[in-house]
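Dropping the structure in here first, questions after.
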2 protein chains.
Amino acid sequence: MPELRKNILNGKWVVVAIERGKRPRQLVYRSYKEENDMVCPFCDGNEKMTPPEVLAYRDIEAPNSGNWKVRVVPNKFPAFTTEENAKHKKQSRLFLSRPALGVHEVIVHSPDHKASLAKLSHNQIELVIKAMQERTGELCIDEAIEHVSLITNHRTESGASLPHPHSQLFAGSIVPDIINNELANFKDYRLKNNSCLVCDVIGEEIQVQERIVFDGEGFLVLSPYAARLPFELWILPKEHNSRFETIGDYERACLASALKLTLGTLSQKLNDPPYNLIVHTAPCKLEDNRKYHWHIELVPRLTFIAGFELASDMTINIVSPETAAKFLTGAE
Amino acid sequence: MPELRKNILNGKWVVVAIERGKRPRQLVYRSYKEENDMVCPFCDGNEKMTPPEVLAYRDIEAPNSGNWKVRVVPNKFPAFTTEENAKHKKQSRLFLSRPALGVHEVIVHSPDHKASLAKLSHNQIELVIKAMQERTGELCIDEAIEHVSLITNHRTESGASLPHPHSQLFAGSIVPDIINNELANFKDYRLKNNSCLVCDVIGEEIQVQERIVFDGEGFLVLSPYAARLPFELWILPKEHNSRFETIGDYERACLASALKLTLGTLSQKLNDPPYNLIVHTAPCKLEDNRKYHWHIELVPRLTFIAGFELASDMTINIVSPETAAKFLTGAE
């Protein structure tokens, strides 16, 4: 059963979630190799290899059959659990733990085993976004769920464990520290400036014109001023909204365009690099729409997170965001 | 010039340190390959390829010549700077930066291009530790230096950029968040229990006997209760001391033994995996020896830090520390 354990020295929580069937000796180090030769549980026809779906888009309804366009299933090796007996808290002076309560799902982008997000059609990307929105909205209603994170890991080096393109949804009973920090900074900024932090970043970046990669309908794509790793990009909705899951048809279409263009540019200019894509949306129970501005953070993984990062909780970025933007827009 | 920039959303600082001569197109993604065929600046005879040394152990003194045992040089691509003109602060409402003030050095473990720490002789490991202590002690005296981190990155996947075994020393003008969090937790624990947090962890772990890998003279090696990644280990000095740099000959010898045994075990049981080794020592200006307990954190890199980790600032560990300890001690 997945468990949260507290690092008593630095105060950080860790999810200890043992992958079923994975023995320590299977983790023995081997040089990296993409494994494409196993039977893929996310391919059309292999629906029985996954837990029963929680959502799918098909022309004709027939749950857990083939011929779907997008399919959402519970993660077979979840980092969170809904088990009732998980509600027991273990506490001791030095060893603090609690159950990792929540839901962990997989959003399979399409039946195509090889088509990364960048290669999908505009319409298919819209369907992927729609599935993400639908699941987030539904899970957020649950009183035990405080926050939903949506993540795409592209390629092994970014943490992807299966090659068939998919995203993951983590709906947990706690709000992650990063989101809490963001909320505090939004609040602090609003108190001082009486405006939204991200709305103001958008305005200022458009004025400065040093870090913009794509200024499109509905969305601004830029390499943020404090990019943590080379070529980190933020995809910022121009329309203020705290919640990704509530955007409508028009914005969804704009987002599909922005994603296709951004991921296509990364792929073309940087030889299809590994990346993590992260949707930041407001905590489920946050009612005031002014207090957050949803957005996407996209982190290519061209350099490794090393000892300095683990020691300091700071990253070293060897490409300035200004140079990254120039390179990606072809100006360098 | 290396610069600290603040992520305005989550409040984290990032070091933007552009590697001299590295153009964005050199970062284009390639599948990982160890590059052993370049001329190595850390090998005996190539002393001219590095900046002049700041410390070396030789039988006969002859700075920057060959025939050294351990050699410490400034990092050619530093993440910190001591440049006087760096003292200018740039500040604006949304884009906060300051110079990354400090010193970044490389400790070359031995002239042997292939011998990782685990393979060095006991005496040679003692010399590496001694060099780390000497440089930390000397830099800590500088009034501008607030904290020193010592790090070993083993193999490319851990962030090592040169294959010749070496460690890095980061002496900065700020105390990293992780150390500040630790100090706060030590303080909180002492207020409640009137004892040292790490001294008590040592006592409790010896009693519980579930996560211990090696209980030796001077040091306890264990997989911590909230290990962030599979097989993370802590090397804890049994003698309370806030500072690594002040340990004496006896403890240094014990540490060399503990390191050789621990790294040898990792190498043997997990096929010489990539790892980060991090020495945690007290901030330079912390005077009260009771307020911290120095130690080493050793993090094998068998799984990748993925989107969830970047989204939440939590890690998912798929091997429990109890299982890890059993596996490493041969009990499983």
Side-chain angles (χ1 to χ4, degrees), chain A residues 5-11 13-19 22 24 27-29 32 79 94-95 149 151 153 157-159 170 176-178 181-182 185 197 200-201 204 225-226 228 230 270-273 276 278 299 302 304-308 310-320 323 327, chain B residues 5-11 13-19 22 24 27-29 32 79 94-95 149 151 153 157-159 170 176-178 181-182 185 197 200-201 204 225-226 228 230 270-273 276 278 299 302 304-308 310-320 323 327:
Chain A
R5 292 188 177 194
K6 188 170 192 165
N7 179 322
I8 193 79
L9 293 198
N10 65 29
W13 290 92
V14 167
V15 184
V16 178
I18 299 155
E19 272 199 43
K22 195 160 246 182
L27 278 173
V28 163
Y29 172 69
Y32 152 72
L94 291 167
F95 306 135
S149 295
I151 280 145
N153 298 330
E157 296 96 319
S158 78
F170 298 87
D177 282 351
I178 287 207
N181 290 347
E182 288 188 349
N185 286 318
L197 179 49
D200 283 7
V201 165
E204 190 103 350
Y225 180 74
R228 69 198 112 175
L270 295 168
N271 192 29
D272 195 17
N276 303 112
I278 304 155
V299 189
L302 293 158
F304 288 94
I305 291 176
F308 177 77
L310 297 180
S312 65
D313 216 6
M314 277 195 277
T315 53
I316 297 176
N317 181 353
I318 61 169
V319 175
S320 79
T323 305
F327 183 75
Chain B
R5 292 188 177 194
K6 188 170 193 164
N7 179 321
I8 193 80
L9 293 198
N10 65 29
W13 290 91
V14 167
V15 184
V16 179
I18 299 154
E19 272 200 42
K22 195 159 245 179
L27 279 172
V28 162
Y29 173 68
Y32 153 71
L94 291 168
F95 307 134
S149 296
I151 279 146
N153 298 329
E157 295 96 319
S158 78
F170 297 88
D177 282 351
I178 288 208
N181 291 347
E182 288 189 350
N185 286 317
L197 178 50
D200 284 7
V201 165
E204 190 104 351
Y225 179 74
R228 69 198 109 174
L270 295 168
N271 193 28
D272 194 17
N276 303 112
I278 304 155
V299 188
L302 293 158
F304 288 93
I305 291 175
F308 177 77
L310 297 180
S312 66
D313 215 7
M314 277 197 276
T315 53
I316 298 176
N317 181 354
I318 60 169
V319 176
S320 80
T323 305
F327 182 76

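So that the names make sense, note that chain A is the first sequence line, chain B the second, and so on, each numbered from 1.
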*asked:* Shorter than 4.5 Å, heavy atoms on both sides: which option in A/D200, A/L94, A/L302 has the most such pairs with chain B?
replied: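 Of the candidates given, the most pairs with chain B belong to A/L94.
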
*Where the side chain of A/R5 meets the backbone of B/Y225, is there a donor-acceptor pair that is under 3.5 Å apart?*
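Present.
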
_Per-residue contact mode, A/S320 against chain B (heavy atom under 4.5 angstrom)_ = both

*Quick one: of A/L9, A/V28, A/N10, who has the most non-hydrogen atom pairs under 4.5 Å with chain B?*
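Top count of heavy-atom pairs under 4.5 Å with chain B: A/L9.
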
*Side chain, backbone, both or neither: which part of B/F170 has a heavy atom under 4.5 Å from chain A?*
side chain

_Within the structure provided, determine whether A/M314 and A/F308 are in side-chain contact (heavy-atom separation under 4.5 Å)._
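Yes, close enough: below the 4.5 Å cut-off.
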
*Under a 4.5 Å heavy-atom cut-off, does chain B meet the side chain of A/N276, its backbone, both or neither?*
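Side chain of A/N276 only, per the 4.5 Å heavy-atom cut-off to chain B.
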
*Closest-packed option against chain B by number of heavy-atom pairs under 4.5 Å, given A/D177, A/N317, A/N181*: A/N317

*Side chain from CB out, backbone as N, CA, C, O: work out which of these in B/N153 comes under 4.5 Å of a heavy atom of chain A, or both, or neither.*
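For B/N153, the contact with chain A is made by the side chain alone.
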
_Heavy-atom cut-off 4.5 Å, strictly under: side chain, backbone, both or neither for A/I151 against chain B?_
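Contact with chain B involves the side chain of A/I151 alone.
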
*asked:* Does any backbone or side-chain atom of A/I278 lie under 4.5 Å from a heavy atom of chain B? Answer side chain, backbone, both or neither.
replied: side chain

*asked:* Quick check on the interface: out of A/D272, A/V299, A/L310, A/I8, who has the most heavy-atom pairs with chain B under 4.5 Å?
replied: A/L310

